[in-house]
Amino acid sequence: MKTILCIGAGYVGGPTMAVIARHCPEHRVEVVDINAERIAAWNSDTLPIYEPGLKEVVEEVRGRNLFFYDDVEGRIDGADIIFVSVNTPTKTFGEGAGRAADLQYWERTARQIARCCTRPKIVVEKSTLPVRTAEAIEAILSNNSGGVEFEVVSNPEFLAEGTAIRDLEEPDRVLIGGHDTPAGRRAVEEVAAIYAHWVPRERLLTTSLWSSELAKLTANALLAQRVSSINAVSALCERTGANVVEVARAVGMDARIGPQFLRAGVGFGGSCFRKDILNLAYLCEHHGLPEAAAYWQQVVELNEHQKRRFVRDMVRTMFNTLAGKRIAVWGFAFKPGTSDTRDSPAITICRLLAEERASVVISDPQALANARADMADVPGVAFTSDPYEAARGAHAVAVLTGWPEYGDLDFGRILEGMERPAFVFDGCNLLDHARLAGMGFCVHRVGAPPLTPG
Ligand code: NAD
Ligand code: UGA
């Protein structure tokens with residue numbers, strides 16, 4: 001029996017440890033966080049994050065072999081393996097501001113671990129970190145531990161929000177990077193043995209520490225790059241009469257390209273894509289590779305452009321003024337299946353709409369609390385969980401998150417309550433556009449010419 005500790009009870013730490021606890025009943029799994037409120041929520045019936053299937057797993061294992069504590073220091077020395085999944089946001093100050101990763105939470109955690117340990121530990125990098133961070137962590141640990149031995153292992157997380165439990169239960173691969181030394185190999189095997197409880201051995205991929213760290217940044221950069229690529233194509237489709245859904249299907253059937261991450265929309269969001277690409281670009285620059293840096297930077301710039309382009313289309317279509325017009329925004333989460341709004345395209349788009357002096361009414365099935373916080377400084381924005389209520393009296397509906405339930409609404413009822421012309425701007429290409437146009441809506445899609453009523 002081992003005690004596995006995870007420092008950081010966020011979107012990664014909570015679900016990951018719950019799944020480890022489920023599959024490793026002989027191990028004791030503890031999750032700690034400096035945010036006592038968050039820990040209280042993990043110990044309550046209302047978990048701090050919404051994720052399909054998460055509540056069931058937590059209820060199965062909490063109190064059995066999964067425990068949440070807010071006493072971080074008190075739990076450190078009892079652990080054999082310490083996963084660290086604290087946040088690594090983009091730096092907002094000083095050298096590298098707006099691009100480099102802010103490693104202050106990681107460094108603080110490393111110092112805390114060193115201070116509290118009296119016996120050897122494996123420290124696992126679960127957060128997404130710049131390549132060669134392990135070197136810095138090792139220096140902090142070895143200089144502050146009074147001779148206690150540490151082995152640092154990289155085990156980046158690839159789960160996506162909204163499908164976190166499925167991704168953890170059936171990962172494409174689990175990546176574990178370590179030093180090519182006897183102690184390093186032993187540590188990698190100890191971490192691999194945890195996952196081997198439920199992940200087939202051939203999916204446990206072991207590499208060097210640096211490859212593991214860089215593979216995580218590269219995976220996110222490549223996924224985001226595909227989204228920016230198809231969004232760049234979507235603009236050309238709108239000009240030429242091609243349809244981006246058809247183009248994506250056609251290219252995605254090429255086995256070398258594949259169908260995933262080719263959905264054009266209002267741009268990618270979420271806490272990681274932008275931050276990780278900016279970090280990758282910064283690292284390239286730092287290592288004297290300005291051309292590679294500019295290449296990755298452009299993925300982010302195209303994404304920003306896609307959000308602005310969406311609002312510009314709304315303004316132009318609605319007779320060049322949104323002032324005083326009620327706009328129903330359906331969906332605020334950065335993707336369906338989550339309450340997370342971090343870096344959601346809806347934040348930028350709603351702010352741009354408010355700048356146009358539109359009267360914005362935001363609706364979302366899960367993310368309203370976060371939406372209120374994100375828009376707190378913008379006057380005149382209203383919120384409702386009911387999409388019908390949002391659309392009543394509106395000049396336009398803008399779909400910004402592809403929640404499937406929006407496709408099943410009673411559009412006859414919605415049309416009846418709207419101003420004319422009744423515009424729909426489907427930023428997720430979710431709705432049945434031909435049917436809506438047939439009913440009398442003016443339908444604007446991403447990556448295809450608009451459909452007029454009739
Ligand atoms: P999060 O903000 O949801 O959670 C991080 C938690 O760490 C917070 O609750 C915070 O209070 C806690 N924390 C910070 N400093 C601490 C300290 N010194 N001691 C104890 N707790 C501390 O972040 P997240 O979304 O879980 O992401 C964590 C890391 O995982 C990031 O590096 C991110 O890039 C990476 N990642 C995230 C996802 C995702 O889907 N969100 C997926 C893969 C990887
Ligand atoms: C992403 C990666 O998919 C995970 O592997 C990774 O672990 C995680 O980032 C991370 O490091 O945080 P996530 O951000 O949760 O996961 O969600 P995605 O499904 O990747 O979607 C990201 C954004 O891209 C969303 O805003 C989504 O709407 C958008 N997207 C995705 C598109 O616009 N088009 C697509 O075809 C796919």
Side-chain angles (χ1 to χ4, degrees), residues 5-17 31-39 41-42 48-49 51 69-73 75-76 83-90 101-113 125-130 133 155-164 167-168 171-173 175 216-217 219-224 226-231 234 244 248 252 259-277 279 303 306-307 331 333-338 340-346 400-402 427-429 446:
L5 177 70
C6 178
I7 302 181
Y11 285 85
V12 168
T16 308
M17 291 303 126
V31 187
V32 293
D33 203 291
I34 36 168
N35 183 338
E37 222 174 278
R38 210 165 203 188
I39 289 297
W42 280 112
I49 59 174
E51 193 61 59
Y69 301 101
D70 57 17
D71 172 19
V72 181
E73 299 214 336
R75 309 311 308 177
I76 287 175
F83 287 80
V84 183
S85 70
V86 302
N87 36 327
T88 52
T90 303
D102 184 348
L103 296 176
Q104 60 172 309
Y105 307 103
W106 243 99
E107 170 149 356
R108 231 174 273 162
T109 306
R111 287 180 186 276
Q112 208 168 23
I113 293 172
E125 299 177 339
K126 198 57 165 161
S127 307
T128 303
L129 296 164
T133 300
N155 170 223
E157 184 47 60
F158 294 99
L159 68 80
E161 289 179 31
T163 53
D167 296 341
L168 289 164
D172 289 347
R173 77 317 207 173
L175 179 57
K216 171 63 198 177
L217 289 181
N220 274 0
L222 287 178
L223 291 170
R226 280 172 71 99
V227 177
S228 277
S229 297
I230 200 69
N231 282 340
S234 77
V244 77
Q260 300 213 49
F261 278 75
L262 289 180
R263 243 182 318 104
V266 285
F268 58 75
S271 61
C272 293
F273 274 4
R274 189 159 68 110
K275 128 176 125 60
D276 291 346
I277 302 170
N279 186 216
N303 195 54
Q306 186 77 352
K307 295 183 260 186
F334 83 96
K335 64 187 275 197
T338 176
D340 194 353
T341 62
R342 290 178 293 177
D343 213 15
S344 175
L400 301 188
T401 313
C428 305
N429 288 339
V446 176

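Since the model is a prediction, treat every value here as computed from it, not as a measurement. Counting convention: from 1, in listed order, for ligands and their atoms alike.
- Here the protein heavy atom with the shortest distance to atom 29 (C) of ligand 1 is Val86 O, 3.6 Å.
- Between Arg38 and ligand 1, at least one pair of N/O atoms sits closer than 3.5 Å.
- No part of Ile230 comes within 4.0 Å of ligand 2, judged by heavy-atom distances.
- A donor and an acceptor atom, one from each side chain of Ser127 and Trp106, are located under 3.5 Å apart.
- At least one donor-acceptor pair closer than 3.5 Å links the side chain of Lys126 to the backbone N or O of Asn155.
- Taking the six-membered ring where tryptophan is involved, the planes of Phe273 and Phe268 are perpendicular, since the angle between them exceeds 60° and thus also 30°.
- Side chain of Ser85 to main chain of Gly8: a donor-acceptor pair is present (N/O by atom type, distance under 3.5 Å, no hydrogens or angles).
- Heavy-atom distances between Cys272 and ligand 2 reach below 4.0 Å in at least one pair.
- Scanning all protein heavy atoms for the shortest distance to atom 22 (C) of ligand 2 gives Phe273 CE2, 3.6 Å.
- Looking at Asn35 next to ligand 1, no N or O pair under 3.5 Å apart turns up.
- Nearest to atom 40 (O) of ligand 1 among the protein's heavy atoms is Glu161 OE2, 3.2 Å.
- Counting the atoms of ligand 1 from 1 in the order shown, those under 4.0 Å from a heavy atom of Lys275 are 33 (C), 34 (O).
- Those atoms of ligand 1 with a heavy atom of Ser85 less than 4.0 angstrom away are 5 (C), 28 (C).
- Nearest protein neighbour of atom 11 (O) of ligand 1, counting heavy atoms only, is Asp33 OD1, 2.6 Å.
- Of the protein's heavy atoms, Thr128 OG1, 3.5 Å lies nearest to atom 35 (C) of ligand 1.
- For atom 14 (O) of ligand 2, the closest non-hydrogen atom of the protein is Phe334 CE1, 3.4 Å.
- For ligand 2, none of its N or O atoms has an N or O atom of Ser271 under 3.5 Å away.
- Taking every non-hydrogen atom of Glu161 and a distance limit under 4.0 Å, the qualifying atoms of ligand 2 come out as 15 (O).
- Looking at Arg108, Arg111, Arg342, it is Arg342 that brings a heavy atom closest to atom 2 (O) of ligand 1.
- Within ligand 1, counting atoms from 1 as listed, the ones closer than 4.0 Å to a heavy atom of Ile7 are 19 (N), 20 (C).
- At distances below 3.5 Å, at least one donor-acceptor pair connects side-chain atoms of Arg226 with backbone N or O atoms of Gln260.
- Of the protein's non-hydrogen atoms, Phe261 CE2, 3.6 Å is the one closest to atom 31 (C) of ligand 2.
- The proximity of Glu157 to ligand 2, defined as any non-hydrogen pair under 4.0 Å, is limited to the backbone.
- Among Val12, Val227, Asn429, the residue whose heavy atom lies nearest to atom 33 (O) of ligand 2 is Val227.
- Taking atom 24 (P) of ligand 1 as the reference point, the nearest protein heavy-atom neighbour is Tyr11 N, 3.9 Å.
- Residues Ile49 and Asp340 are not in side-chain contact: their nearest non-hydrogen atoms beyond the backbone lie 4.5 Å or more apart.
- Nearest residue to atom 21 (N) of ligand 1 from Asn220, Thr16, Ile34 is Ile34 (criterion: closest heavy atom).
- Atoms of ligand 2 lying under 4.0 Å from at least one heavy atom of Lys216, given by number and element, are 6 (C), 7 (O), 10 (C), 11 (O).
- Inclusion of Asp276 in the set of residues having an N or O under 3.5 Å from an N or O of ligand 2 is not warranted.
- Of all the heavy atoms of Asp340, none lies under 4.0 Å from any atom of ligand 1, so neither backbone nor side chain is involved.
- Under a 4.0 Å criterion applied to the non-hydrogen atoms of Thr88, ligand 1 contributes the atoms 31 (C), 32 (O), 34 (O).
- Not one N or O of Glu157 is nearer than 3.5 Å to an N or O of ligand 1, by distance alone.
- Ranking the protein heavy atoms by distance from atom 36 (O) of ligand 2 puts Arg263 N, 2.8 Å first.
- In terms of protein heavy atoms, atom 4 (O) of ligand 1 is closest to Gly10 CA, 3.2 Å.
- Atom 19 (O) of ligand 2 has Lys335 NZ, 2.8 Å as its closest protein atom, hydrogens excluded (heavy atom only).
- Residue Thr109 has at least one heavy-atom neighbour below 4.0 Å for each of these atoms of ligand 1: 17 (C), 18 (N).
- Of the possible polar contacts, one joining the Asn231 side chain to the Gly265 backbone as a donor-acceptor pair under 3.5 Å is found.
- For ligand 2 and Leu262, the ligand atoms under 4.0 Å from any heavy atom of the residue are 36 (O).
- For the pair Pro345/Gln306, no side-chain contact is recorded, criterion being any heavy-atom separation below 4.5 Å from C-beta on.
- Of the heavy atoms in Leu159, only backbone atoms (N, CA, C, O) come closer than 4.0 Å to ligand 2.
- The shortest contact between atom 38 (C) of ligand 1 and any protein heavy atom is with Val12 CG2, 3.3 Å.
- By the 4.5 Å heavy-atom criterion applied to side chains, Arg342 and Glu161 are counted as neighbours.
- In terms of protein heavy atoms, atom 14 (C) of ligand 1 is closest to Asn87 OD1, 3.2 Å.
- Under the side-chain contact (heavy atoms from CB on, under 4.5 Å) test applied with Lys275, the options Asp343, Asn220, Asp102, Thr128 reduce to a single match, Thr128.
- Between Pro345 and ligand 2, a contact under 3.5 Å exists for no N or O pair.
- Of all the atoms in ligand 2, the ones that sit under 4.0 Å from a non-hydrogen atom of Gly269 are 22 (C), 23 (C), 25 (C), 26 (O).
- Cation-pi geometry between Arg75 and Tyr69 is satisfied (NZ or CZ under 6.0 Å from the ring centre, within 45° of the ring normal).
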